[in-house]
Amino acid sequence: MGNWFVAAKRADFDKIAQDFGISPVLARLIRNRDVCGEEEIRKYLHGTLEDLYEPKLLKGMDRAVSVIRDAIAENKRIRVIGDYDIDGVCATCILVRSFRSLGADADMAIPHRIKDGYGLNDHLIEQAADDGVELIVTCDNGIAAAPQIELANGLGMQVVVTDHHEVPFTEDMPGGEKTYHLPPAEAVVDPKQPGETYPFPGICGAVVAYKLAQALGTDGALLDALLEPAAFATVGDVMELKDENRIIVREGLKRIRRTSHPGLRALIEVNKLEREKLDAYHIGFILGPCINASGRLESAALSLNLWLEEDYKKAVPMAAELKNLNDSRKEMTEAGVKQAVKLLERETAEEERERNLPERETADGKRGVKLPDEEAQLSSDQKDKVLIVYLPDCHESLAGIIAGRIRERYHKPTIVLTDAEEGVKGSGRSIEGYDMFTELSACKDLFDKFGGHKMAAGLSLPKERLGELRRRLNENCSLAEEDFVPKVHIDIALPLSYVSEDFIEELERLAPFGTGNQKPVFAQKDVRLCSGRIFGKNRNVAKFDAQDKEGRHFTLVYFGDVEGLETFLFDKYGADAGRLFSGGPAGVPLTITYYPSVNEFRGKREVEFVITNYC
């Protein structure tokens, strides 16, 4: 569904194909990813670690190296302070291992999501001073912690900030000139800071940490091993797989597939994955969420300890605990999504009464039915352009995940908030065309704290300001109705008959796939569905025998909302759709987008076409 667009980017595809020994179709796919020019195409197809940018190109790197080397030489106590998510955990691991390999007296601390909140806070600074720390090095945080760094300076400690988040700024008027505010640290290494000339600012905090380890002269063998957490974090923190990120992930995956790292091996094995077949998908949707789960539900120290563990036998129970935490997280997320949908699609008070909701004592001491509007009034309904969802009992660490799921369902910018120790706090996820960080910046007088970027943000504010936040964000929202219709970008209208096993193998040259380098999207009109069946534990897989106009047969598979596809076909074709699912023959035409794959089962190999969209 949605609006479909076929890419129409131009280039001499035959020449590109000839120059690089690829098919014209692959040349077109590369051009569709805005990879242009001989050098860029070479790096995209054949880039190696030699093509990574020099660490010294990062502004502030020379000063950071000087401060850290002096601290090591003087045997000062160093503390690395990271963040509780996958990027912060991996970045902390990289710096601690690098510093210790260079002879540093280094330890680490990661804030507790509930007790401490994001990034540096006064408690962490004061604790470091009490412990005799003389140098704090941040990773994946610190750029917005000017007050805490001032406190550290006042307590006699030096601070080096390594981060990749946006630098806080003020405007002389809305849309006017911006004044950026860097923290008063000894050195700041952040590719997004003013005056930065680094060629590719889209790296994550763990890659900034990797660059620092490299600049410090960390041993080559250790650097090679540290590429694994750097690649892991790049995928897990949803960085665009472009330029050097693509090289880091591709080379990192090669190492992860043969990793000797005890913690990573254990995590792969408890999730029953085959190491040699791992790709970016497994990091993004299976392994990465396990690392994030401890920071969400317990303490990120468990994930960090797994990355630092050198004994496989000790790593296995740690990995198993992370998997169990992630399983719990998934159940809690599903419950939160259902509650959010119920709020956005509110039923009447009478319907709620019939559900015998628990009673609540009213202000005058009487007992009465809890009406949905008592708390639902703080939330949007689905007609709002920007959705604000207040879930008071939701675990605050799940707000961002739930916001992402609601954003996908309604294709609208979504902010999910929950009760915190002081006020409410939560996370937002945006859509193409809506810069969430900029829009929230216009409401910053409402917040106790906020930060983020175009597509995601975190915020906290007094509960009584929720209604005002909803009003202002929606009044100022310039999105039009067409912005809320998902856009399906098609690479090529490609007949199913073009696809072969050799072509599928060639497509792998475009991997790793992910944000900024999506799997190709192909389309064919009016494929005729002859027969189909629905299976899977939750009836979430449909498999079809299909024909093209020339009568050639193909196997199509659809994963996901099979009930929605079934309803679509019955609404459109009635009895013909009924024959489709009762053995056929039916001959129901369907226009699809797809991605081809090879299915191997009991020694038999078959080309399958995975339906990704339909109309």
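- Between Lys192 and Asp163 there is no salt bridge, since no side-chain nitrogen of the basic residue lies less than 4.0 Å from a carboxylate oxygen of the acidic one.
- In this structure, Lys43 places its NZ atom where more than 12 heavy-atom neighbours from other residues, nucleotides or ligands lie under 6.0 Å away.
- Around CD of Glu464, the count of heavy atoms belonging to other residues, nucleotides or ligands within 6.0 Å exceeds 12.
- Around atom CZ of Phe285, no more than 12 heavy atoms belonging to other residues, nucleotides or ligands sit under 6.0 Å away.
- Residues Arg246 and Tyr44 meet the side-chain proximity criterion, which asks for heavy atoms closer than 4.5 Å.
- No cation-pi contact links Lys454 to Phe437, judged by a cut-off of 6.0 Å to the six-membered ring centre and 45° from its axis.
- More than 12 heavy atoms of other residues, nucleotides or ligands shown are found within 6.0 angstrom of NZ on Lys444.
- Using a 4.0 Å cut-off between charged nitrogen and carboxylate oxygen, Glu481 and Lys385 do not count as a salt-bridge pair.
- Environment of CD in Glu505: sparse, with no more than 12 heavy atoms of neighbouring residues, nucleotides or ligands closer than 6.0 Å.
- Between Lys519 and Asp491, none of the side-chain N atoms (NZ, or NE/NH1/NH2) sits under 4.0 Å from a carboxylate O, so this pair counts as no salt bridge.
- Proximity of the aromatic rings of Tyr498 and Phe503 is defined here by a centroid distance below 6.0 angstrom, and this criterion is met.
- Here the two rings, on Phe513 and Tyr281, have centers that are 6.0 Å apart or farther.
- Under a 3.5 Å cut-off, the side chain of Arg33 and the backbone N or O of Leu510 do not form any donor-acceptor pair.
- By the 30° and 60° cut-offs, the orientation of the rings of Tyr198 relative to Tyr53 is perpendicular.
- No side-chain donor-acceptor contact under 3.5 Å links Asn517 to the backbone of Gly514.
- Salt-bridge check for Asp384 with Arg470: passed, with a basic side-chain N closer than 4.0 Å to an acidic carboxylate O.
- At a threshold of 4.0 Å, the pair Lys254-Glu251 counts as salt-bridged, since one of the basic side-chain nitrogens sits closer than that to a carboxylate oxygen.
- One finds no salt bridge joining Arg429 and Glu408 here, because no Lys/Arg side-chain nitrogen approaches an Asp/Glu carboxylate oxygen to under 4.0 Å.
- A salt bridge links Arg471 with Glu468; the closest basic N to acidic carboxylate O contact falls under 4.0 Å.
- Both tests do not hold together for Arg42 against Phe20: distance to the six-membered ring centre under 6.0 Å, angle to the ring axis within 45°.
- Between Asp34 and Lys9, at least one side-chain nitrogen of the basic residue sits less than 4.0 Å from a carboxylate oxygen of the acidic one, meeting the salt-bridge criterion.
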